[in-house]
Every structure is written in C-alpha cells, then in structure tokens.
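One is the number of the first residue; the rest follow in order along the sequence.
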Amino acid sequence: MKMNKVESTGESRGAGIGNREPVFTTKGIVMIGVFAAVTAVLAQVSIPTPWGIPITLQTFAVALAGYCLGKYKGMMSVLIYILLGLTGLPVFAGFTGGIAKLAGATGGYIWGFLFMAFACGLEDTVKHKWISIFLGLLGLAVCHLLGAAQFAFLSQRTLAEAFLLASAPYLLKDVVSVAVAYGLAIPLRKAMRSVGGAAGKTI
C-alpha cells in the first residue's frame, strides 16, 4: 500500500511542473515551426508611427511561443523566425527582412525576442501565476534594454533618449501583450495536449 501511494504521488508530480518532453520529437519540431510562422504573420499586424517604429503584435507572438512551448522550444521558434528574416524573407514588421534590419537601429529588439521567449518559457518551472507573468515581464525588460542600447548606439543618442523614443511609447502595449499571451496560452496548451499527447513543454 505504501509503495502504491509513492508511485501515485510520483505520477501526479510527473504530470505537472516536472513533466518534461524532449525538444526533438516530431510534434516538438512541428510546433516550433508553427509558432515561428505565427510570429511572422502577427508581425505584419503593424500600425505606423511618426517616429518610424511601428506598433506590432510581435511581442505578443513571442510571449505566446514561450508560454506555450516552454523555454527551449519557444526560444528555438523565435530563432527560426529570425533566421528566416536573415535570409531576406519579409517576415519582420512591415514585410521587411535581411541582415540590414537586424543590424539597424531597431534590430536589438528582434535579438531581444530570444531572451523574452526563454523567460516566458520558464513559466512551467513555477507554480504561481504572478511569477509566470513576472518572468515574462523580466524577459520583456531585457528585450527593451537590448533594443534601446542598439538604437542609442546607431542613432548617436544617450540610452535615456533612446529609451524614451524607442521603448517608452510601447511599454504599456507590451506589458498587456505578455499578460494576454499568458492567459491565452493556458487553453492552447490544453488543446495541444489533446491533439498530440503531452503538451510542448521544456526539457
């Protein structure tokens, strides 16, 4: 009886935070590709601004990838998205692509998406919702820091000026995007489990 109780407890823990699925399964690879495509599509939902940096749903897409796939698969989906853009495919905001975009004034924000996806993916290592959202916001802060730093360097502005111009106008939208992505990821993960067994979580 005691052994059965221990086995039962182990199974229940394995179904929760401790459940880990290898990245390179057929399902994992497919989902990485799917979320890379979703990011490319949502990046084109773009509202131009007078200061040249459009308002897009990229942040939302990146956070969603992290929360749905976990830290490694989420980050890999963003990496594939970036690599597609590097080849010249018009997957970045405003149907742009190429190395010039990543090396340009706003390229730091794109590189920062890698850290943001990883931070959001840490969600499955914690039990409390507010910590999951905090981790996503921490990743968002790193993304904005990298973006503002590159913008400051290439536009010959101070970091504070770059932040006020290139980051501050988007912070509220980005914070809301992270929170909404977290909420939407909950039913999406359940749907992913029903389609192909265990959800695409981290290793």
Side-chain angles (χ1 to χ4, degrees), residues 23 27-49 53-98 101-102 104 106-124 132-147 150 166-167 169-192 195 199-202:
V23 171
K27 180 185 174 184
I29 293 171
V30 168
M31 295 313 297
I32 287 169
V34 166
F35 276 89
V38 167
T39 303
V41 170
L42 291 182
Q44 308 316 320
V45 181
S46 178
I47 302 173
T49 63
I53 306 173
I55 297 173
T56 74
L57 291 182
Q58 277 177 308
T59 303
F60 169 76
V62 169
L64 189 65
Y67 282 132
C68 285
L69 300 181
K71 55 184 178 292
Y72 295 127
K73 288 195 280 285
M75 188 169 65
M76 287 178 67
S77 74
V78 174
L79 178 60
I80 289 175
Y81 165 71
I82 292 173
L83 292 176
L84 289 172
L86 273 174
T87 66
L89 290 176
V91 296
F92 300 143
F95 293 98
T96 58
K101 184 70 175 179
L102 286 164
T106 59
Y109 293 98
I110 299 175
W111 293 116
F113 287 150
L114 290 167
F115 298 93
M116 182 179 168
F118 185 88
C120 289
L122 291 170
E123 174 270 336
D124 68 345
S132 299
I133 295 175
F134 172 77
L135 288 170
L137 294 178
L138 187 62
L140 176 66
V142 173
C143 179
H144 273 272
L145 178 62
L146 291 175
Q150 184 164 322
S167 285
Y170 306 91
L171 279 179
L172 179 59
K173 184 269 296 181
D174 286 349
V175 168
V176 172
S177 293
V178 169
V180 172
Y182 174 80
L184 184 58
I186 296 172
L188 281 178
R189 285 198 303 267
K190 291 179 181 178
M192 288 161 62
V195 169
K201 302 299 288 184
T202 62

> Is the side chain of Q150 donor-acceptor paired with the backbone N or O of L102 at a distance under 3.5 Å, no angle test?
Replying inline: yes

> Does any N or O in the side chain of K173 come within less than 3.5 Å of the main-chain N or O of T56, such that one atom is a donor and the other an acceptor?
Replying inline: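 Checking the backbone N and O of T56 against the side chain of K173, a donor-acceptor pair under 3.5 Å is found.
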
From [X] [atom1] over to [Y] [atom2], what is the distance, rounded to the nearest 0.5 angstrom?
{"X": "Q44", "Y": "T39", "atom1": "CD", "atom2": "OG1", "result": "11.0 Å"}
{"X": "L171", "Y": "S177", "atom1": "CG", "atom2": "OG", "result": "11.0 Å"}
{"X": "C143", "Y": "L138", "atom1": "SG", "atom2": "CG", "result": "12.0 Å"}
{"X": "M116", "Y": "L137", "atom1": "CE", "atom2": "CG", "result": "8.0 Å"}
{"X": "F115", "Y": "L145", "atom1": "CZ", "atom2": "CG", "result": "10.5 Å"}

Please tabulate, for side-chain N and O atoms in residues 76-84, each donor-acceptor pair with protein atoms closer than 3.5 Å (sequence neighbours left out).
from	atom 1	to	atom 2	distance (Å)
S77	OG	G74	O	2.7
Y81	OH	Q58	NE2	2.6
Y81	OH	V91	O	3.1

> Does T59 have any side-chain hydrogen bond (donor to acceptor under 3.5 Å, both in side chains) partners at least two apart in sequence or in another chain, and if so, which?
Replying inline: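 side-chain hydrogen bond (donor to acceptor under 3.5 Å, both in side chains) list for T59, sorted by chain: D174.
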
Just jot down the side chain to side chain contact (heavy atoms under 4.5 Å, CB included) partners of [X], sequence neighbours excluded, or say none.
{"X": "F118", "value": "K71, Y72, M75, L122"}
{"X": "V41", "value": "none"}
{"X": "F134", "value": "none"}
{"X": "A181", "value": "F60, A63, L64, Y67"}

>> For F92 versus L86, what's the shortest heavy-atom pair and its separation?
In response: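 Shortest heavy-atom separation between F92 and L86 comes out as CZ-N, 4.4 Å.
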
> Which heavy atom in F35 sits nearest to a heavy atom in C68, and how many Å separate them?
Replying inline: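 Scanning both residues, the minimum pair turns out to be CZ-CB, 3.6 Å.
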
Any non-hydrogen side-chain atom of [X] less than 4.5 Å from a side-chain atom of [Y]?
{"X": "K73", "Y": "M31", "result": "no"}
{"X": "T106", "Y": "K101", "result": "yes"}
{"X": "C120", "Y": "Y182", "result": "no"}

